[in-house]
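Comments concern the structure below.
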Number of protein chains: 2
Amino acid sequence: MLSKSSKYAIRAVLYIANNTSEKKKIGSKEVAETLEIPAPFLAKTLQELTKAEIISSMKGPNGGFYLTDKNEQKSLFDIIDCIDNAHKFEECFLGQLECNDDKPCVVHHIYKPFKIELIENLKTKSILEMAKEYAKNNNLNAIIR
Amino acid sequence: MLSKSSKYAIRAVLYIANNTSEKKKIGSKEVAETLEIPAPFLAKTLQELTKAEIISSMKGPNGGFYLTDKNEQKSLFDIIDCIDNAHKFEECFLGQLECNDDKPCVVHHIYKPFKIELIENLKTKSILEMAKEYAKNNNLNAIIR
DNA sequence: TCTAAAACATGATATAAATCATATTAAAAG
DNA sequence: CTTTTAATATGATTTATATCATGTTTTAGA
């Protein structure tokens, strides 16, 4: 469904959200090591997100990636749309050229409601909310700022 | 989610189910043209399915692909498992190394029930049932034998 | 028994996704 | 103003997926 790049991106952004602030940035290498993601690959991905203003970065010593308040209000859907391309969600699960309520494929009735709920979730929740949720789910202490 | 090969395979098998019998076989080229699938690619895929005894074939003039009664009792899950590899369903939607009810990713609560329902559906319904369903959904006349 | 139709087998090519490598630029700190 | 750190930019390489091409084998029918 999602490409590896998108998955890496989402996991990295959630990690950055929970572990940085404008005062305490983090390098892409450190993120890569912690999350077991190929470092040069993640570096490139984070740069794309920076360009799209979904995350922020600062060069030089004590530089790194971090999120501004504005960044935190973006959604996971924005990340997917930046890295992959959200049109992928529109395709039929079985690859049928035509697949809709009138002429559905044999799993349309299962796939469609899932897709609607998923996209709703990815679009309406902010990165900040998601990061908090993640921290709660995994019994982590989100950074206090 | 599914590879193109799997999608092609499923669509082709459903088509074969609805348009052939042991007496009236169909060539892979004809299937490919009708379904707009690259012909040599589909040919290879159908051969794999034949080897796995999910569909049947006969060489020579008036030869082609068809389904036996036994073939018809296979499932779409069998097709996916033959072409791709069903382990793919076990992976976390966001690619997290650990993702389960105790330590879920942020979309686990949406993805898990979908996956369970989907697999149940793909596993328990026979190719014959699915083909009939497809024909009904699309107002086609399934072949009478 | 010869011919033609179609699956079968194998491998080559193309495309895209993922990974790795190198050099440049910017910022902080001494 | 020099050094160091870390992002940025670019492109090379690898791997996997998808597509194409060629020749061989089997079978039916004339």
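Here is how names work: the chains are called A, B, and so on, in the same order as the sequence lines, proteins then strands, and each is numbered from 1.
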Practice problem: Using a 4.0 Å heavy-atom cut-off across all strands, classify B/L42 as base, sugar-phosphate, or nothing. | Solution: nothing
Quiz item: Checking A/K29 side chain against A/A39 main chain: does a donor-acceptor pair fall under 3.5 Å?
Solution: no
Practice problem: Between C/dA9, C/dC8, C/dA18, spot the one nearest the side chain of A/S3, thanks. | Solution: C/dA18
Practice problem: Have a look at B/P40 and say if it touches a base, only the backbone sugar-phosphate, or nothing, with a 4.0 Å heavy-atom cut-off. | Solution: base
Exercise. Name the nucleic acid region contacted by B/K29, choosing base, sugar-phosphate or nothing; use a 4.0 angstrom heavy-atom cut-off, strictly under.
Key: nothing
Quiz prompt | Side-chain donor/acceptor of A/E129 to backbone N/O of A/S126, under 3.5 Å | solution = yes
Quiz prompt | Whole-Å gap separating P (D/dA7) and CZ (A/F41) | solution = 17 Å
Quiz prompt | Candidates C/dA28, D/dT19, D/dA28 - which lies nearest the side chain of B/K44 | solution = D/dT19
Practice problem: Mind calculating the distance between CD (B/E30) and P (C/dA5) to the nearest angstrom? | Solution: 15 Å
Quiz item: Which part of the nucleic acid does B/I26 contact within heavy-atom distance under 4.0 Å: base, sugar-phosphate only, or nothing?
Solution: sugar-phosphate
Quiz item: Any side-chain N or O of A/S57 less than 4.0 Å from the OP1 or OP2 oxygen of D/dT8?
Solution: yes
Exercise. Report yes if at least one side-chain N or O of A/N62 is closer than 4.0 Å to OP1 or OP2 of C/dA27; otherwise report no.
Key: no
Quiz item: Separation of B/K25 atom NZ from C/dC8 atom P, in whole Å?
Solution: 12 Å
Practice problem: Compare the minimum distances between each of C/dT19, C/dA7, C/dA28 and the side chain of A/M58, then state the nucleotide with the smallest one. | Solution: C/dA28
Quiz prompt | Closest listed nucleotide, where the reference is the side chain of B/K51 and the choices are C/dA28, D/dT8, C/dA9 | solution = C/dA9
Practice problem: Report yes if at least one side-chain N or O of B/Y8 is closer than 4.0 Å to OP1 or OP2 of D/dT19; otherwise report no. | Solution: yes
Self-check item: Option from A/T68, A/I79, A/I127, A/L46 for which side chain to side chain contact (heavy atoms under 4.5 Å, CB included) with A/I55 holds
Solution: A/L46
Quiz item: Under 3.5 Å, side chain of B/D84 to main-chain N/O of B/S3, donor-acceptor pair present?
Solution: yes
Quiz item: A/E48 has an atom CD; how far is it from atom P of D/dT10, in whole Å?
Solution: 13 Å
Quiz item: Under 4.0 Å between a side-chain N/O of A/S5 and OP1 or OP2 of C/dA17, yes or no?
Solution: no
Quiz item: Just by distance, do the side chain of B/N19 and the backbone of B/Y15 share a donor-acceptor pair under 3.5 Å?
Solution: yes
Quiz prompt | Any donor-acceptor pair under 3.5 Å from B/D81 side chain to B/F77 backbone | solution = no
Self-check item: Between C/dA7 (P) and B/E53 (CD): distance, integer Å
Solution: 18 Å
Quiz item: When the nearest nucleotide of DNA chain D is assigned to B/K59 and to B/D84 on a heavy-atom basis, which residue is associated with the more 5' position?
Solution: B/D84
Practice problem: Using whole Å, report how far CD of A/Q47 lies from P of D/dG11. | Solution: 14 Å
Quiz item: Quick one: on DNA chain C, does A/K4 or B/G27 contact a more 5' nucleotide (nearest heavy atom)?
Solution: B/G27
Exercise. Report yes if a side-chain nitrogen or oxygen of A/S28 is closer than 4.0 Å to either non-bridging phosphate oxygen (OP1 or OP2) of D/dA7; otherwise report no.
Key: yes
Practice problem: Starting at atom NZ of A/K7, determine the distance to atom P of C/dA18, rounded to an integer number of angstrom. | Solution: 9 Å
Quiz item: D/dA6 P sits how many Å from A/F65 CZ, rounded?
Solution: 12 Å
Quiz item: Of B/G64 and A/G60, whose closest DNA chain C nucleotide lies nearer the 5' terminus?
Solution: B/G64
Quiz item: Out of D/dT4, D/dA28, D/dT19, which nucleotide sits closest to the side chain of B/P61?
Solution: D/dA28
Quiz item: With respect to the side chain of A/P38, which nucleotide from C/dC20, C/dA27, D/dT8 is positioned closest?
Solution: C/dC20
